[in-house]
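Following: one structure in structure tokens, then a few remarks.
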Amino acid sequence: MNGHSRREFLADVGRGMLVAGLGSAAAEELGISTALAADSSERLTFGALEPLVTLLQETPPERVLPLVVERLRGGESLERLVSAAALANARAFGGHDYTGYHTFMALLPAYQMAGELPSERRALPVLKVLYRNSQRIHGQGAHDHDALPPLPETTAPIDREGISLRQAIRRLDQAGAEAQLAALCRESPAEAFAALQPAVQDEANVHRVVLAWRAWATLDLVGPEYAHTLLRQSVRFCVDSEKYYRDRNRSPSEVRERAPQLLAEYRLLERPLGTRPAEDGWVEHLARTIYAGSSAEAAEAAAAALAEGFDPEAVGEAISLAANLLVLNDPGRSPEHSSPEKPPGCVHGDSVGVHASDAANAWRNIARVSEPRQRAASLVVGAYHTGGQSSRAREGQFPYTHLIPEIKVAEAGGLLRAAREAIETGQQAQAAAVAQRYLELGHPERPLLDLLLRYTVSEDGALHAEKFYRTVVEELATTRPAFRWRHLVALARVTASAHGFPAPGYQSACELLGVA
């Protein structure tokens, strides 16, 4: 039977008979496909969302956008589409595939971006990422093969501190780690997420922390009943990382020992964290200390600030601003590390500053939803993660401020037109200078943000456009007035860098929606 078991053969025959009886359109509507080589009892399924999950996992990229737009016109919500796509991605890839988990991490930001757009264009960022999701699933053959199977019924001890879970990951016991996570999820998804944090803190890896945060945040859409499915991705990513280092005889990160030492040395676990307000100058000083220092020095600076009773939000703000300095001072991609999609001098995609900013944002968000122990640990590890990278982005290597005096336009509309021209011609320095001039003159942020959002949606962004845009929007909401402009200037620079590489599927999405 060409390698198929009798059970698989009968499942295919039965499914084929059902499709024949229903008709292909009705079968597609119900999410029934002949592509699956196992019946539903052998597959991880998702209740009422399952037909839509299967439809999005199995529909090829050339058909997915027309199908989704038809669903939208029939009353389907973007929320359900994004929820189903997130579950389809998790089932297909399980946190193992680089482009796969990047696409997962873009789904929630795309949905959030949709809320900032006019009604007729609202679906565009979601359609863009759904196309990418389908393209990757089919490109990897994951439309008929799942990475995440159902878990066998097992029991595992409940360790709310997460030490046992971390130990299982360190010894590459994926099954044991998943069983422990499942037991915790049955008790409380929030406790499961908290118990995952010691493993997340084991390495200063941007994907390790952002995947964990986006998986947790996406539960607001899909519902807490699917916490184990989404958080399993982090467990498997962490196991893969451990295996990678072990196979190459590489030592674990210094942060594994240094972070607990700092927490103990500064007695951050013995008393509540403080609420001491920080002045602008203090935040600036800590940001530049983290930016310029080594990873260990940055972590110690954050630990000392928390020990002095400063508000964790102020410490997190400094970490975010240090990451922002990496964007503003990045000399751009070197020729030896460039590609057609990421040419020399570019800063979009996986650049040092974009990665650092997304990671800092994730560490801050995790700290906000964590109990005090993990809040302190997240900020100390977040500072460690951000520090030690300034040698790749020395101050003065990306000059743009000298261009600001040459900008004679003062009216908001003229400056926005100048920003658009700089972006569309890929002039990073000019785009940054115009954005700073616009903000220095006191013009409202929203029109500039709307302009940058437009190009974030239309351009590919090398897997990072949606995440970085949301990073900037979230940091704007929590950054004091003296420093807010820096995030928008960084976004203007990255937007200009990314222009000229249109997002696959975007033009088709515009045509299907009937928008320019």
Side-chain angles (χ1 to χ4, degrees), residues 95-96 98 101 105 161-174 177 194-213 215 233-266 268-269 289-304 306 315-316 319 322-323 326 350-367 370 373-393:
H96 294 295
Y98 179 87
Y101 58 69
M105 293 187 290
E161 298 296 319
I163 305 306
S164 297
L165 177 57
R166 184 178 65 188
Q167 288 173 340
I169 288 171
R170 286 182 178 181
R171 63 175 180 265
L172 308 184
D173 179 10
Q174 179 174 285
L196 183 62
Q197 295 317 303
V200 174
Q201 295 159 7
D202 256 359
E203 293 287 341
N205 180 302
V206 60
H207 307 126
R208 196 175 185 119
V209 64
V210 177
L211 178 58
W213 169 246
Q233 298 177 96
S234 285
V235 167
R236 290 180 169 224
F237 180 94
C238 291
V239 171
D240 285 350
S241 295
E242 294 294 320
K243 187 175 187 304
Y244 177 88
Y245 291 124
R246 185 171 299 184
D247 288 349
R248 288 158 181 76
N249 294 316
R250 292 178 57 177
S251 299
S253 171
E254 172 198 24
V255 76
R256 296 190 182 190
E257 293 184 0
R258 191 63 187 129
Q261 289 171 355
L262 289 170
L263 292 172
E265 179 182 342
Y266 285 93
L268 294 176
L269 307 182
T289 298
I290 292 170
Y291 167 74
S294 67
S295 293
E297 290 168 341
E300 182 153 16
L306 292 170
V315 177
I319 294 171
L326 290 167
D350 55 345
S351 68
V352 58
V354 168
H355 262 177
S357 296
D358 286 346
N361 175 257
W363 287 118
R364 292 190 74 189
N365 278 318
I366 290 173
S370 297
R373 177 187 181 88
Q374 296 304 346
R375 188 176 307 142
S378 293
L379 292 172
V380 169
V381 177
Y384 180 96
H385 194 164
T386 308
Q389 302 186 79
S390 59
S391 62
R392 298 164 62 189

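The chain is numbered in sequence order, starting from 1.
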Are [X] and [Y] close enough that some pair of their side-chain heavy atoms sits under 4.5 Å apart?
| X | Y | value |
| --- | --- | --- |
| Arg373 | Glu161 | yes |
| Val380 | Leu263 | yes |
| Ser253 | Tyr384 | yes |
| Asp202 | Arg166 | yes |
| Gln233 | Phe237 | no |
| Thr386 | Trp363 | no |
| Arg246 | Leu172 | yes |
| Arg258 | Glu300 | yes |

Which atom of [X] lies closest to which atom of [Y], heavy atoms considered:
| X | Y | result |
| --- | --- | --- |
| Leu326 | Ala393 | O-CB, 3.7 Å |
| Leu165 | Ala177 | CD1-O, 3.3 Å |
| Ala259 | Val381 | CB-CG2, 3.9 Å |
| Gln201 | Ser378 | NE2-OG, 3.8 Å |
| Ala303 | Tyr266 | CB-CD1, 3.8 Å |
| Ala199 | Cys238 | O-SG, 4.3 Å |

Lys/Arg N to Asp/Glu carboxylate O, Arg250 vs Glu203, below 4.0 Å: no

Between atom [atom1] of [X] and atom [atom2] of [Y], what is the distance when rounded to the nearest 0.5 Å?
| X | Y | atom1 | atom2 | answer |
| --- | --- | --- | --- | --- |
| Ser234 | Leu196 | OG | CG | 5.0 Å |
| Ser295 | Ile290 | OG | CD1 | 11.0 Å |
| Leu379 | Ile319 | CG | CD1 | 5.0 Å |
| Ile366 | Trp213 | CD1 | CH2 | 7.0 Å |
| Gln261 | Glu254 | CD | CD | 8.5 Å |

Do the side chain of [X] and the main chain of [Y] share a donor and acceptor less than 3.5 angstrom apart?
| X | Y | value |
| --- | --- | --- |
| Ser370 | Arg375 | no |
| Gln389 | His385 | yes |
| Arg392 | Gly353 | no |
| Arg364 | Gly316 | yes |
| Asn361 | Ser357 | no |
| Ser294 | Glu297 | yes |

Chi angles and distances behind the salt bridge (Lys or Arg N to Asp or Glu O under 4.0 Å) call for Glu242, Arg256: CA-CA 13 Å; Glu242 294 294 320; Arg256 296 190 182 190; 2.3 Å; yes

Side chain to side chain donor-acceptor pair (under 3.5 Å) against Arg236, all qualifying residues, sequence neighbours excluded: His96, Glu178

Side chain to side chain donor-acceptor pair (under 3.5 Å) against Ser241, all qualifying residues, sequence neighbours excluded: none

Parallel, tilted or perpendicular: rings of His207 and Tyr101 (30°, 60°): tilted

